[in-house]
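Residue numbers count from 1 along this sequence. In each ligand, atom 1 is the first atom listed, and ligand 1 is the first ligand listed. Model, not experiment: these values are computed from the prediction.
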Amino acid sequence: KKGGYDTFMLKEIFEQPETLTDCIRGRITDDCRRIVLSGVIENKERFVHANRIVIVACGTSWHAALIGKRVIQEMCGISVEVEYASEFRYSSPFITKDDVVIAISQSGETADTLAAIQLARSKGAFVYGICNVVGASIPRSTDSGTYIHVGPEIGVASTKAFTGQVTVLTLLALCVGQMRGTVEEATVERIAQELKNMPIYIKEVLRLDDQIKNLSKIYTYARNFLYLGRGYNYPTALEGALKLKEISYIHAEGYPAAEMKHGPIALVDSEMPTVVIAPTDSLYDKIISNVRQVKARGGTVVAIITKGNDAIKEIADHCLEVPDVPECLTPLVVSVPLQLLAYYIAINKDRNVDQPRNLAKSVTVE
Ligand code: F6R
């Protein structure tokens, strides 16, 4: 059942080239010019005339939503808000029939997300689901949606579902952007082509396995971790920290890198490693100054960088290199080393990674 792997989580991390192939299948035309998300196309008017989009989700799915916000705003020129499903209901949400609400849930059973959907529908919003488990309660209670089709996720810590959610959100952004005329054809083609190449890129990142296994030994006894990222990778910093927390029980905080100087920098010392997600993107220069600030305070830095960027190797203590992809796709390639780092640190501590204490795969209580 575990396909020769020691744990479901490791199997699920390693099957991401295949799960992303399944997730994309039939959704990008051969010439990469059109995105075929039938649930979106069939409801074209709702998406084209949407006033704004509100995404509701919990946990890892909420992190995917934060990435979705950026890519939808970039491609569709529409305002996107992201809410914790559990907070949405109690925030007197201002929702009208001109809003599109997107609910993201791997299990399709999360009680808070289900309740948020019911509230949004009662206010007349069009509700779109992005789920994995076919026929679950959430896909049954939405107006339309897309399955991520990554197969059953058994490990409690979400891995392949996260990359599937980010992939579907990117496809949705491109599809809606095309309908609204807000994205250039060349951009759609380039990103669609790179999404098709993604399984190859993920295979390449998985080859970091040995390097990460060795690296993990240095950090097994750290008591706190800081994860920093900006732009598209602020949410992946949050996700990297969540993965580490839930399976290793080490305290970790994810922060948008520039916020560090507004408080968390006080924590930095030689005892607290910082993981910096620093692909060569539009915010690269800014994040490098954050790396310098950590180093100047005696901190150690593990940096996830774009292959071939040698300059940063002189500043960071350890670098994990990922392939060069368009900025909006960097969350996909950086997530895999973050998953592996959390995984091996947890294994070194002899944790039950598939069933971490106190956690359940679907949270059906509010
Ligand atoms: C983290 C994790 C949880 C879930 C959250 C939402 O690894 O698995 O944070 O992401 O409970 O679950 P779904 O996506 O099933 O609604």
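- Taking the six-membered ring for Trp and the full ring otherwise, the centers of Phe47 and Tyr128 sit less than 6.0 Å from each other.
- Under 4.0 Å is where a charged nitrogen must lie from a carboxylate oxygen, and between Arg70 and Glu74 no such pair does.
- Glu259 CD: more than 12 foreign heavy atoms inside a 6.0 Å radius.
- For ligand 1, the atoms sitting less than 4.0 Å from at least one non-hydrogen atom of Ala157 are 7 (O), numbered in the order shown with element in parentheses.
- Every atom of ligand 1 with a heavy atom of Ser158 under 4.0 Å away is listed here by number and element: 7 (O), 8 (O).
- Scanning the protein for heavy atoms near atom 11 (O) of ligand 1, the closest one is Val363 CG2, 4.0 Å.
- Relative orientation of the Tyr84 and Trp62 rings is parallel, given thresholds of 30° and 60° on the angle between their planes.
- For ligand 1, the polar-atom distance check finds an N/O of Ser105 within less than 3.5 Å of one of the ligand's N/O atoms.
- Electrostatic pairing of Arg46 and Asp98 does not count as a salt bridge here, judged by no charged N lying under 4.0 Å from a carboxylate O.
- Ligand 1 has no nitrogen or oxygen under 3.5 angstrom from a nitrogen or oxygen of Gly108.
- Ion pairing between Lys313 and Glu321 holds under the 4.0 Å rule for side-chain N and carboxylate O.
- If you number the atoms of ligand 1 from 1 as listed, the ones under 4.0 Å from a heavy atom of Ser61 come out as 10 (O), 13 (P), 14 (O).
- Interface of Gly59 with ligand 1, defined as ligand atoms under 4.0 Å from a residue heavy atom, comprises 9 (O), 10 (O).
- Donor-acceptor pairing under 3.5 Å is recorded for the side chains of Ser158 and Glu153.
- For atom 6 (C) of ligand 1, the closest heavy atom belonging to the protein is Cys58 O, 3.4 Å.
- Side chains of Asn348 and Thr220: a donor-acceptor N/O pair is present below 3.5 angstrom, by distance only.
- In terms of protein heavy atoms, atom 3 (C) of ligand 1 is closest to Thr60 N, 4.1 Å.
- Summary of contacts: the protein heavy atom closest to atom 8 (O) of ligand 1 is Val156 O, 3.3 Å.
- Here Glu83 does not pair with Arg89 in a salt bridge; the nearest charged N to carboxylate O distance is not below 4.0 Å.
- Distances between N or O atoms of Lys361 and those of ligand 1 include no value under 3.5 Å.
- Those atoms of ligand 1 that come under 4.0 Å of a heavy atom in Lys243, given as number and element, are 1 (C), 7 (O).
- For atom 7 (O) of ligand 1, the closest heavy atom belonging to the protein is Glu246 OE2, 2.5 Å.
- Checked against a 3.5 angstrom limit, the closest N/O atoms of Gln106 and ligand 1 fall inside it.
- For atom 12 (O) of ligand 1, the nearest non-hydrogen atom from the set Thr364, Leu114, Thr110 belongs to Thr110.
- Taking 4.0 Å as the cut-off between side-chain N and carboxylate O, Arg52 and Glu81 count as a salt-bridged pair.
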